[in-house]
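Below is one structure, written out as structure tokens; comments come after it.
Just so it is clear: chains get the letters A, B, ... in the order the sequence lines come, proteins before strands, and each one is counted from 1.
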Amino acid sequence: MKPFLRRLAPWGLLLLATSAGAAGPAEPASEAASAYAQGRYADAVRAYEGIAESEGVSASLYYDLGAAQLAAGEFGPAVLSFERAHWLAPSDAGVASALRAARTSPSRLRSAPTAAW
Amino acid sequence: MSRPETGDLRAWWLAVGIALAPALPALAQTAGPQDAAAPARPGAPAFELVGPAGDLFVGQLEPVELRLLVPDGVDLVEVAPPSLSGEGFTVSPLANARPRESRAEIDGVPMTVLRWSAAVSAVKTGPQTLEARIDGVVVAHAPARSRSTRPSLFGDDFFRGSLLERVFGGLRQQRMHLASQPLRLDVQALPEAGRPADFDGAVGEFIFSAQTSSSRATAGDPLTLEARVEGRGNFDRVHVAGLEVAPGFKTYTPAVRFEGVDPMGVRGRKLFEQTIIPEQAGSETLPSLRFSYFDPGKQSYVTLTSEVLPLVVASAGQGGSLAAGLLPLRKDLGRLRHNAAPVFLRASWLGALALPLLTLSGVALAAWRRRRRLDPARARTLAIERALEQSLRNMEAACEKADAPAFYAAVRRALQARLGLRLGANPDALTAADVGGLCADDPRLAASVRRLLEEADAFAYAGCTAGVAALRASRGVVLETLEQLEVHA
């Protein structure tokens with residue numbers, strides 16, 4: 001029995017490590033979503049960029065980052081983020097729609113809080 | 001289908017035995033002016049244009065086929081893509097630059113049929129003519145005996161019965177200029193009566209539908225409204241405006257995409273994808289879309305309307321605080337990866353690609369080393385070098401023990417080894433008598449070597465003795481001599 005358990009131990013540790021890794025970005029992601037909901041779009045952008053730097057990227061992360069950038073008035077970076085999301089998930093219709101919408105008429109998509117010029 | 005008509009065959013020349021003398025000067029006559037309506041001569045290539053039957057309407061897009069009929073016994077050496085011309089038509093580029101080839105038998109004559117496709121659209125009303133032309137080079141084969149009693153393939157008698165014809169069997173290379181029989185069509189204008197306001201010039205037979213990417217949505221969540229026109233006709237004039245102003249929706253300009261079913265683009269589907277964003281929660285309906293076209297079969301205008309699309313819009317939830325127009329976020333970010341580079345840019349993939357190259361290099365290196373190891377000359381050199389090193393070690397040991405015979409035996413082997421290396425000869429076969437010839441370029445060195453070898457002989461065969469001091473002195477001379485032999489090598 002003992003050799004069997006010894007053989008299983010590394011797999012168990014690997015599973016634990018994977019679970020811990022998967023649970024990593026949950027908190028920063030909720031912070032970013034909260035900032036977005038409260039209209040602190042620049043904070044949301046920073047939070048998503050932090051997640052990308054520390055935890056890695058995914059199509060959904062790029063999508064959320066693009067949405068936050070769009071809301072913050074950063075139209076170019078938003079299109080880039082949606083492009084990256086589209087690159088990672090070409091068949092994602094939501095990403096494709098967001099990308100099209102951001103490209104077609106970004107100024108109409110949101111009520112921009114600031115207009116520098 | 002009309003029978004093929006043949007244009008004339010002009011500016012032809014004879015090339016007796018194409019492989020032997022393809023560049024003989026033009027010896028033959030030139031035929032008369034082109035007569036496109038002249039019937040095809042038996043056994044000659046023919047060219048025909050097959051197009052729509054009956055009347056056309058302005059804007060109507062129809063496929064046409066161009067056929068080159070090449071009877072057996074005539075080889076097509078070269079053919080240029082055919083051209084279509086007609087003042088009252090716009091002609092699309094050929095759908096296939098290389099012809100489709102098939103076999104057929106027409107009036108009992110087996111032949112090869114080459115086909116090209118294109119599409120034409122009428123732009124002028126009234127009687128219009130469409131013509132096609134083709135140029136090429138053919139080689140006709142005709143047995144000399146039969147040619148003397150039958151009319152020539154191309155109507156000339158220049159070489160009939162001549163020596164050249166009898167020798168080469170009547171191979172003839174001729175330039176070919178063919179024109180099809182003109183296709184006469186009556187083009188009518190589109191009727192004014194019953195023309196819909198949204199008619200934009202589409203002529204053909206179509207079906208029309210529209211759908212959304214989902215019947216359920218969240219306020220602020222973009223949806224795709226797709227309008228689709230399928231069928232046959234001039235798709236370049238097919239336009240669907242999409243949703244322009246719809247209360248409760250934000251709308252964007254549709255993206256248009258055409259997917260052709262045939263290479264001419266006559267049949268296919270045109271898709272209009274429009275992003276719309278519902279702004280408020282509740283049950284909504286998307287207004288129907290319209291598309292109008294002229295149906296030449298029915299000779300009337302047709303307006304198609306899409307179904308009214310129901311849409312249930314949920315509130316944005318967490319996005320209750322979201323202003324309309326903001327994109328809803330995704331709560332699940334999915335699996336995060338540090339390396340989002342595509343597979344073909346990843347080090348692992350590049351490493352996998354490099355693996356066969358490294359393996360190949362390793363195999364080549366191993367083969368080279370093996371070949372080098374098995375080289376007899378190199379193996380002999382290595383053995384001599386080892387023997388030399390061993391002799392030097394023995395010499396040192398004998399010197400310290402004052403063992404003169406062993407010392408000089410080692411000296412002899414060392415000198416033989418060094419000379420063997422220098423001369424590429426067997427060291428054991430070298431004696432003092434050989435040294436003079438072997439070191440002829442350096443008499444002083446030869447004398448030194450000879451003296452050492454003679455001393456070795458003396459100690460080996462005459463029972464001489466020497467003390468440690470004498471052996472050490474001799475060792476210095478030996479080492480110096482060996483060094484000089486190495487330098488000279």
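With sequence neighbours excluded, the residues forming a side chain to side chain contact (heavy atoms under 4.5 Å, CB included) with B:S213 are B:L223, B:T224, listed by chain and number.
Side chain of B:H338 to main chain of A:A52: no donor-acceptor pair is present (N/O by atom type, distance under 3.5 Å, no hydrogens or angles). With A:D64 contributing its side chain and B:L329 its backbone, the two residues share no donor-acceptor pair below 3.5 Å.
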Let me check something: any side-chain donor-acceptor pairs from residues 353-361 of chain B under 3.5 Å, sequence neighbours excluded? List them with distances.
residue	atom	partner	partner atom	Å
B:T359	OG1	B:L355	O	2.8
B:S361	OG	B:L357	O	2.8

Contacts table for residues 232-241 of chain B: side-chain donor-acceptor under 3.5 angstrom, sequence neighbours left out:
residue	atom	partner	partner atom	Å
B:R232	NH1	B:E62	OE2	3.4
B:R232	NH2	B:E62	OE1	3.0
B:N234	OD1	B:V203	N	2.6
B:N234	ND2	B:G59	O	3.1
B:N234	ND2	B:G201	O	3.0
B:R237	NE	B:D200	O	3.4
B:R237	NH2	B:D200	O	3.2

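In this structure, the side chains of B:P328 and A:Y36 stay at 4.5 Å or more apart for every pair of heavy atoms.
Within the 4.5 angstrom heavy-atom criterion, atoms from both the backbone and the side chain of A:L61 approach chain B.
Rounded to the nearest 0.5 Å, atoms CG (B:L333) and OG (A:S60) are 6.5 Å apart.
The interface of residues 264-276 of chain B with chain A, defined by heavy-atom distances below 4.5 Å, comprises B:E273, B:T275.
The minimum heavy-atom distance linking A:F82 with B:L327 is given by the pair CZ-CD1, 3.4 Å.
Applying the 6.0 Å contact sphere to CZ of B:R335 captures no more than 12 heavy atoms from other residues, nucleotides or ligands. Annotation: B:E307, atom CD; neighbour count of heavy atoms from other residues, nucleotides and ligands within 6.0 Å does not exceed 12.
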